[in-house]
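Notes follow the structure.
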Amino acid sequence: MKFFAAPLQGYTNAVFRRLHMELFGGVDCYFTPFLRVEKGEPCRRTLRDIVQKSGGEGVSVVPQIIFRDAVEFGLLRDVLRDAGFHRIDLNMGCPFPPQMSKGRGTGFLSRTEELRKVADMVRRDKEIKYSVKMRLGADRADQWHDVVDLLNTMPLTHVAVHPRTGREQYKGSLHFDEFDGLASALVHPLVFNGEIRACADIDAVCGRYPGLYGVMAGRGLLSRPSLFAEYAAGCVWPLEKLREMHLRLHGAVLEHYRASLSGEHQVLAHIKSFWDYPPEFLDRKSLKAISKSRSMADYLAVVRSL
């Protein structure tokens, strides 16, 4: 069983990946937030975060790309190949409307002719290994039927599936019935992604799908960074240990921001987002106080109270 850290734009950057592995571990591979084409070229800021490889020693990092056609795919693939990468993850699962409306992410599942071209490029590529992260469809939970045959023609290391549609984003129930159908139709190793927040969730998924290649968590890993480490050790951490380690991670991230950003307001704006996916020990009153902090002194007072 493999444990994968899902990419979340604005959260799972190189600093998070490095610090998470140092303090918690338990992750077999971190996937980077997607690299996209911006004004005709790969987004420079995202590319810098990827190529600096500050995941640290022993941290496996795979870049993810998002694209609307074979031209964008080729451009992003080439720049990552030139940077020395031999693994790329293909984003066919981003649910955010600005990307979907352009035919990227989950929207790409509707562009079967472009997917056919990309599949052909992947088959001919002998230098890079590919994986896919996808949803069941853009608007329909059975839309995977339109693309599964093409996916099966591609030499993929695995396919990670979040069993919702793009339009649903992160709301509503998971479509286990459609996931069952896709699992039966796919020839590739399968990774389950979606609503993995506790060890019990991993147990439930593995019990339902004993042949899974792996489990992937994103939001769950941000709110409970110890999730995979706890599962691998076979024990759930007590609340005090969760609190202590979460605050250690916070302190390390804050130290990085103070060293790399200019001015208190920049640091405060960045560090407050650390709590966007709050841990179980953070009560609503403290979360509100963090959100309303207007100075570093006010912010640190709230954190010290934790």
Side-chain angles (χ1 to χ4, degrees), residues 3 5-27 30-33 43-46 48-50 52-59 61 96 170 195-199 217-233 235-306:
F3 297 109
L8 276 87
Q9 209 75 9
Y11 298 95
T12 59
N13 56 20
V15 174
F16 172 85
R17 297 190 294 268
R18 173 176 60 82
L19 293 174
H20 182 272
M21 179 54 77
E22 288 178 3
L23 292 173
F24 296 94
V27 174
Y30 294 84
F31 292 87
T32 74
C43 177
R44 296 182 181 182
R45 182 179 67 254
T46 306
R48 282 197 302 270
D49 181 80
I50 293 172
Q52 67 177 295
K53 297 182 182 178
S54 59
E57 290 296 324
V59 180
V61 176
F96 299 118
Y170 298 99
E195 304 302 330
I196 301 294
R197 301 177 182 275
C199 292
R219 296 169 299 148
L221 200 61
L222 289 176
S223 63
R224 194 182 187 100
S226 57
L227 173 60
F228 290 147
E230 290 178 77
Y231 192 83
C235 64
V236 176
W237 289 6
L239 188 63
E240 285 310 308
K241 185 174 182 179
L242 290 172
R243 185 198 313 271
E244 175 193 351
M245 293 302 295
H246 204 100
L247 291 174
R248 280 184 63 186
L249 177 61
H250 168 270
V253 173
L254 177 58
E255 183 179 343
H256 168 80
Y257 286 155
R258 281 176 155 168
S260 60
L261 298 176
S262 176
E264 176 180 298
H265 292 295
Q266 268 200 26
V267 174
L268 187 61
H270 279 74
I271 195 61
K272 283 166 73 171
S273 67
F274 180 87
W275 305 102
D276 285 352
Y277 297 94
E280 62 179 277
F281 64 80
L282 185 62
D283 59 89
R284 295 183 65 179
K285 180 179 178 182
S286 298
L287 185 60
K288 185 176 181 179
I290 286 173
S291 177
K292 295 178 67 174
S293 298
R294 293 293 179 265
S295 70
M296 186 58 70
D298 290 342
Y299 172 80
L300 291 177
V302 180
V303 174
R304 279 194 293 270
S305 75
L306 300 177

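In what follows, every heavy atom counts, from backbone to side chain, and hydrogens, waters and symmetry copies are set aside. On a predicted model such as this, the values are computed, not experimentally measured, just so you know.
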Exercise for review: Would you please indicate if the ring centroids of Tyr11 and Phe16 are separated by under 6.0 Å?
Suggested key: no
Check your understanding: For Glu240 and Phe281, what are the C-alpha separation, side-chain angles and deciding distance, and is it a side-chain contact (heavy atoms from CB on, under 4.5 Å)?
Key -> CA-CA 9 Å; Glu240 285 310 308; Phe281 64 80; over 6 Å; no
Practice item. First locate atom CG of Leu242, then atom OG of Ser223, and finally report the distance between them rounded to the nearest 0.5 Å. Key: 10.5 Å
Review point. Are the side chain of Thr12 and the backbone of Leu8 linked by a donor-acceptor contact shorter than 3.5 Å?
Key: yes
Review point. Between Ser305 and Val302, is there a donor-acceptor pair closer than 3.5 Å when you use the side chain of the first and the backbone of the second?
Key: yes
Point to revise | Stepwise ring-ring contact (aromatic ring centres under 6.0 Å, His included) test for His246 and Phe24 | key: CA-CA 10 Å; His246 204 100; Phe24 296 94; 7.5 Å; no
Point to revise | Pair Asp283, Ser286: side-chain N/O donor-acceptor within cut-off below 3.5 Å | key: yes
Review point. Between the side chain of Ser226 and the main-chain N/O of Ala229, is any donor-acceptor distance below 3.5 Å?
Key: no
Review point. Leu254 and Leu300: side-chain contact (heavy atoms from CB on, under 4.5 Å), yes or no, with the steps?
Key: CA-CA 10 Å; Leu254 177 58; Leu300 291 177; 3.9 Å; yes
Check your understanding: Rounded to the nearest 0.5 Å, what separation is found between the CZ atom of Arg224 and the CZ atom of Arg197?
Key -> 12.0 Å
Check your understanding: Tell me, do Arg17 and Thr32 make a side-chain contact under 4.5 Å, heavy atoms counted?
Key -> yes
Exercise for review: For residues Met21 and Val27, report the shortest heavy-atom separation together with the two atoms involved.
Suggested key: CE-O, 3.3 Å
Check your understanding: What distance do Ile290 atom CD1 and Lys285 atom NZ have between them, rounded to the nearest 0.5 Å?
Key -> 13.0 Å
Review point. Hey, is the main chain of Ser293 close enough, under 3.5 Å, to the side chain of Lys272 for a donor-acceptor pair?
Key: yes
Review point. Distance from Leu306 atom CG to Trp275 atom CH2, nearest 0.5 Å?
Key: 5.5 Å
**Study point:** Side-chain donor or acceptor of Ser291 paired with backbone N/O of Leu287 under 3.5 Å
**Key:** no
Point to revise | Nearest non-hydrogen partners of Leu227 and Cys199, listed with the distance | key: CD1-N, 3.7 Å
**Study point:** Residues Asp49 and Arg44 bridged, charged N to O under 4.0 Å
**Key:** no
Exercise for review: Identify the heavy atoms of Pro278 and Leu282 that sit nearest to each other, and give their distance.
Suggested key: CB-CD2, 3.7 Å
Review point. Run the side-chain contact (heavy atoms from CB on, under 4.5 Å) check on Val61 and Phe31 step by step: do they pass?
Key: CA-CA 6 Å; Val61 176; Phe31 292 87; over 6 Å; no
**Study point:** His270 side chain vs Gln266 backbone, donor-acceptor pair below 3.5 Å
**Key:** yes
Check your understanding: Looking only at atom types and distance, does a side-chain atom of Thr46 sit under 3.5 Å from a main-chain N or O of Cys43, one as donor and one as acceptor?
Key -> no
**Study point:** Side-chain ion pair, Arg258 and Glu255, N-O less than 4.0 Å
**Key:** no
**Study point:** Verdict with reasoning, His250 to Tyr257, per ring-ring contact (aromatic ring centres under 6.0 Å, His included)
**Key:** CA-CA 11 Å; His250 168 270; Tyr257 286 155; 9.4 Å; no
Review point. Is the closest side-chain heavy-atom distance between Leu222 and Asp276 below 4.5 Å?
Key: no
Practice item. Please check if the side chain of Glu264 supplies one atom and the backbone of Met296 the other of a donor-acceptor pair under 3.5 Å. Key: yes
Practice item. Inspect the surroundings of CZ in Arg243 and state if more than 12 heavy atoms from other residues, nucleotides or ligands are less than 6.0 Å away. Key: yes
Exercise for review: Would you check if Glu244 and Trp237 make a side-chain contact, meaning some heavy-atom pair closer than 4.5 Å?
Suggested key: no
**Study point:** Test item: His20 side-chain N/O and Pro225 main-chain N/O as donor-acceptor pair under 3.5 Å
**Key:** yes
